[in-house]
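The analysis underlying the following values was restricted to heavy atoms, covering all of them including side chains, and did not include hydrogens, waters or symmetry mates. So that the names make sense, note that chain A is the first sequence line, chain B the second, and so on, each numbered from 1.
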2 protein chains.
Amino acid sequence: MARWEPDARGRLALAAMQLYGERGFEQTTVAEIAERAGVTERTFFRHFADKREVLFNGSVGLQEAVLAAIEATPAGVGPVETVGRAMEVAGSGIPEREYAAQRAAILTANPSLQERELLKLASLGAAAAAALQRRGVDPLAATLAAQTGVAVFHAAFARWVGDVDAPPLAVCIREALTELRALTAD
Amino acid sequence: MARWEPDARGRLALAAMQLYGERGFEQTTVAEIAERAGVTERTFFRHFADKREVLFNGSVGLQEAVLAAIEATPAGVGPVETVGRAMEVAGSGIPEREYAAQRAAILTANPSLQERELLKLASLGAAAAAALQRRGVDPLAATLAAQTGVAVFHAAFARWVGDVDAPPLAVCIREALTELRALTAD
DNA sequence: GGAGTGATGACAGGAGCTGACATCGGGTGC
DNA sequence: GCACCCGATGTCAGCTCCTGTCATCACTCC
């Protein structure tokens with residue numbers, strides 16, 4: 001069996017995306033994903049913690065990018081602006097809009113996947129808040145700024161994915177941030 | 001009605017809280033909860049959609065309170081302030097701090113429960129955004145204002161639960177909102 | 001008193017997920 | 001070249017969550 005084919009993880013992720021798209025998330029079993037990828041069901045769980053996690057491969061990279069961008073922001077910039085800029089920078093690294101749209105379609109069709117997405121965003125927010133605190137921002141302000149930044153990113157990302165005529169993601173983020181400033185000034 | 005044993009739902013919720021607290025969420029099975037409540041496992045799932053939902057009994061009431069408060073806010077108040085006031089009003093209806101603290105301890109020990117909490121908050125935010133739109137606020141602004149309001153509520157709630165010396169919840173919410181305004185003004 | 005209603009019990013079963021152990025293939029050291 | 005080790009995978013057994021289906025039982029209404 002020339003079988004220890006390389007990149008089992010990649011094949012599993014691809015197979016899962018295809019099947020989730022073809023017949024829906026709940027309607028596809030882990031056994032089917034594994035079969036299409038040419039591995040065992042057990043192997044699926046060695047690469048992904050659960051059936052949902054396969055859709056969140058990029059979350060680690062995004063979080064790293066955001067944290068690095070926060071570190072790289074000059075001191076003296078306010079916390080909200082710092083997080084906003086970090087989101088812009090990290091957002092620039094997500095150019096594959098087609099994949100994002102397909103993934104979003106799967107996500108919006110399933111509450112349990114939205115839960116996982118929210119957890120990832122909350123984790124991103126918590127990490128950003130910690131990074132802010134390391135730069136001297138007090139805890140409450142750091143939490144609020146980070147959460148606000150995540151909310152801005154989320155809203156902008158949704159707009160970018162859902163609207164074919166939307167500007168690049170970084171621009172969407174900047175515009176949402178500007179809008180937020182105007183709103184809180186009331 | 002005094003059918004057989006009344007209030008199966010209440011007994012299930014109580015038993016679940018006790019067991020989750022005693023031995024942890026993942027370590028307690030639905031069968032054990034049902035046994036302590038004196039019903040069948042099947043009956044548990046007739047009252048709660050899943051094992052986590054039993055900890056989110058109050059979410060419906062909270063959402064209703066927030067929506068009612070938004071409706072009751074005079075026109076002319078800005079969207080962020082509207083949501084902030086609604087959170088204050090709804091927060092006044094959550095006086096049982098001991099229960100909240102016990103529940104929070106269980107929640108923070110388990111990511112899957114945090115996922116559900118985040119979903120509830122997101123649902124609250126979406127509902128608030130819809131209510132705002134019904135009052136003439138444009139969609140992006142409504143989303144941002146609602147999300148921001150939820151973030152403020154979440155941060156304030158965490159402070160209130162975690163800090164014995166914290167002021168009443170409504171005050172925590174007002175203070176967090178004030179802090180946010182100062183932050184976004186940068 | 002009989003029919004309807006709503007909650008529950010009893011049973012079967014699928015799917016997600018985990019632990020334990022065997023196996024295979026590819027390096028490593030000699 | 002060979003023995004050996006190690007990481008990735010296969011195999012198997014099993015638990016738990018959750019659902020569908022049907023019977024039952026108390027209670028209500030006519």
Side-chain angles (χ1 to χ4, degrees), chain A residues 1-57 106-107 109-117 119-120, chain B residues 1-57 106-107 109-117 119-120:
Chain A
M1 332 201 274
R3 44 283 193 193
W4 308 148
E5 309 244 354
D7 196 24
R9 185 186 177 90
R11 277 178 294 134
L12 280 166
L14 179 63
M17 273 293 292
Q18 290 173 347
L19 286 167
Y20 291 169
E22 288 170 14
R23 64 181 79 166
F25 174 76
E26 291 183 348
Q27 283 64 45
T28 94
T29 71
V30 174
E32 290 168 334
I33 299 170
E35 188 186 359
R36 182 170 292 199
V39 295
T40 305
E41 191 179 339
R42 190 68 184 85
T43 294
F44 177 92
F45 289 107
R46 281 196 250 263
H47 286 280
F48 300 100
D50 60 52
K51 193 187 168 188
R52 293 176 284 170
E53 196 63 21
V54 67
L55 286 171
F56 296 87
N57 252 326
I106 297 170
L107 250 66
N110 198 286
S112 91
L113 290 171
Q114 293 168 36
E115 288 191 20
R116 179 57 52 86
E117 172 100 318
L119 185 68
K120 295 294 183 184
Chain B
M1 311 278 265
R3 299 252 188 230
W4 262 110
E5 296 277 349
D7 196 25
R9 185 186 177 91
R11 277 178 293 136
L12 280 166
L14 179 62
M17 273 293 292
Q18 290 173 347
L19 287 166
Y20 292 169
E22 289 171 13
R23 64 181 79 165
F25 174 76
E26 292 182 348
Q27 282 65 45
T28 94
T29 70
V30 175
E32 290 168 335
I33 299 170
E35 188 186 0
R36 182 169 293 198
V39 296
T40 307
E41 190 179 339
R42 190 67 186 86
T43 294
F44 177 92
F45 290 106
R46 286 195 175 98
H47 285 280
F48 300 100
D50 60 53
K51 193 187 167 188
R52 294 176 284 169
E53 196 63 20
V54 67
L55 288 172
F56 296 87
N57 253 326
I106 297 170
L107 248 67
N110 198 286
S112 92
L113 290 171
Q114 293 168 37
E115 288 190 17
R116 179 57 54 86
E117 172 100 317
L119 185 67
K120 295 294 184 186

Peer 1: With sequence neighbours left out, write down each residue that passes side-chain hydrogen bond (donor to acceptor under 3.5 Å, both in side chains) with K51(A), or none if nothing qualifies.
Peer 2: none

Peer 1: For E41(A) and dA15(C), what is the distance between atoms CD and C1' respectively, to the nearest whole Å?
Peer 2: 8 Å

Peer 1: Q114(A): what forms a side-chain contact (heavy atoms from CB on, under 4.5 Å) with it, not counting sequence neighbours?
Peer 2: L119(B)

Peer 1: For F25(A), enumerate each residue passing the ring-ring contact (aromatic ring centres under 6.0 Å, His included) test, keeping only those at least two apart in sequence or located in another chain.
Peer 2: Y20(A)

Peer 1: With a 4.0 Å heavy-atom cut-off, tell me which residues in residues 47-56 of chain A come close to DNA chain C, sorted by residue number.
Peer 2: A49(A), D50(A), K51(A)

Peer 1: Any pair with a residue in residues 27-37 of chain A that passes side chain to side chain donor-acceptor pair (under 3.5 Å), sequence neighbours left out, goes on the list, sorted by first then second residue, please.
Peer 2: Q18(A)-R36(A), E22(A)-R36(A), R23(A)-E32(A)

Peer 1: Closest approach to the side chain of T40(B), judged atom by atom: which nucleotide of dG10(D), dG9(C), dA10(C) is it?
Peer 2: dG9(C)

Peer 1: Can you name the side-chain contact (heavy atoms from CB on, under 4.5 Å) partners of A34(A), sequence neighbours left out?
Peer 2: V39(A)

Peer 1: In residues 22-37 of chain A, which residues come under 4.0 Å of DNA chain D by heavy atom?
Peer 2: none

Peer 1: Does R46(A) get its side chain close enough to the base of dG10(D), under 3.5 Å, for a donor-acceptor pair?
Peer 2: yes

Peer 1: The criterion is ring-ring contact (aromatic ring centres under 6.0 Å, His included); which residues satisfy it with F56(B), sequence neighbours excluded?
Peer 2: none

Peer 1: Once side-chain contact (heavy atoms from CB on, under 4.5 Å) is applied, do any residues pair with F45(B), and if so which ones, sequence neighbours excluded?
Peer 2: V30(B), E41(B), R42(B)

